[in-house]
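My questions all concern the structure below.
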Amino acid sequence: RKFYILADEGIHSKVPQESWDSIASEMSGHFSKNQFRTGVLHGVQAAGRVLSRHFPRSSGDKNELPNEVDIR
């Protein structure tokens with residue numbers, strides 16, 4: 001089975017590939033133990049921490065995208 005973490009060009013220009021590789025490795029560790037929910041939650045939380053360092057929230061921010069998860 002395969003999965004990937006996909007970032008757009010703006011994010012990729014600021015966040016090193018090693019950050020995503022580390023998150024993916026930790027997620028894979030959970031997946032290999034059939035802990036899929038834990039792995040996905042860990043990945044989302046870890047990505048949020050990485051992104052918040054490079055793209056901090058400001059008081060005028062608004063949510064422009066839906067929060068639904070797309071699993072295909």
Side-chain angles (χ1 to χ4, degrees):
R1 311 226 186 242
K2 296 181 181 183
F3 72 95
Y4 59 95
I5 300 171
L6 179 65
D8 69 15
E9 189 175 301
I11 291 171
H12 186 67
S13 70
K14 294 188 181 265
V15 179
Q17 183 63 42
E18 294 78 27
S19 294
W20 304 123
D21 293 343
S22 175
I23 293 169
S25 176
E26 292 167 2
M27 291 173 70
S28 288
H30 290 291
F31 296 164
S32 69
K33 299 176 205 168
N34 289 325
Q35 299 172 343
F36 298 103
R37 181 173 185 259
T38 300
V40 169
L41 289 173
H42 171 80
V44 170
Q45 291 168 342
R49 287 189 298 272
V50 168
L51 293 172
S52 69
R53 288 194 298 264
H54 297 281
F55 304 94
R57 282 183 119 177
S58 65
S59 61
D61 285 348
K62 67 178 183 175
N63 191 2
E64 298 173 359
L65 300 173
N67 292 325
E68 288 79 32
V69 175
D70 183 6
I71 301 174
R72 295 184 214 188

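This one's a predicted model, so the numbers in the text were calculated from it and none came from an experiment.
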Partner residues of Asn34 under the side chain to side chain donor-acceptor pair (under 3.5 Å) criterion, sequence neighbours left out: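 So Asn34 forms no side chain to side chain donor-acceptor pair (under 3.5 Å) with any residue.
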
Are Leu41 and Phe31 linked, directly or through intermediate hydrophobic residues, by side-chain heavy-atom contacts shorter than 4.5 Å (ILVMFWY only)?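 Unlinked, Phe31 and Leu41 end up in two clusters.
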
Listed by chain and number, what are the side chain to side chain donor-acceptor pair (under 3.5 Å) partners of Ser58, not counting sequence neighbours?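 With neighbours one apart ignored, the set is Asp61.
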
Output every pair passing ring pair (Phe, Tyr, Trp, His ring centres under 6.0 Å) with a member in residues 37-72, not counting sequence neighbours, ordered by first then second residue. His30-His42

Where Met27 and Val40 come nearest, the two heavy atoms and their spacing: CE-CA, 4.2 Å

Any chain of hydrophobic side-chain contacts (each under 4.5 Å) joining Val15 to Phe3? yes

If you look at every heavy atom in Ala47 and Ile23, which pair is closest and at what distance?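 The pair with the smallest heavy-atom distance is N-CD1, 3.8 Å.
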
Suppose the criterion is side chain to side chain donor-acceptor pair (under 3.5 Å): which pairs have a residue in residues 2-19, not counting sequence neighbours? Gln17-Asp21

Do the side chains of Gln35 and Arg37 get nearer than 4.5 Å, heavy atoms only? no

Can you tell me how far CD1 of Ile11 sits from CH2 of Trp20, rounded to the nearest 0.5 angstrom?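 Rounded to the nearest 0.5 Å, the CH2-CD1 separation comes to 6.0 Å.
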
Does Asn63 have any side chain to side chain donor-acceptor pair (under 3.5 Å) partners at least two apart in sequence or in another chain, and if so, which?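 Expected list: Asn67.
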
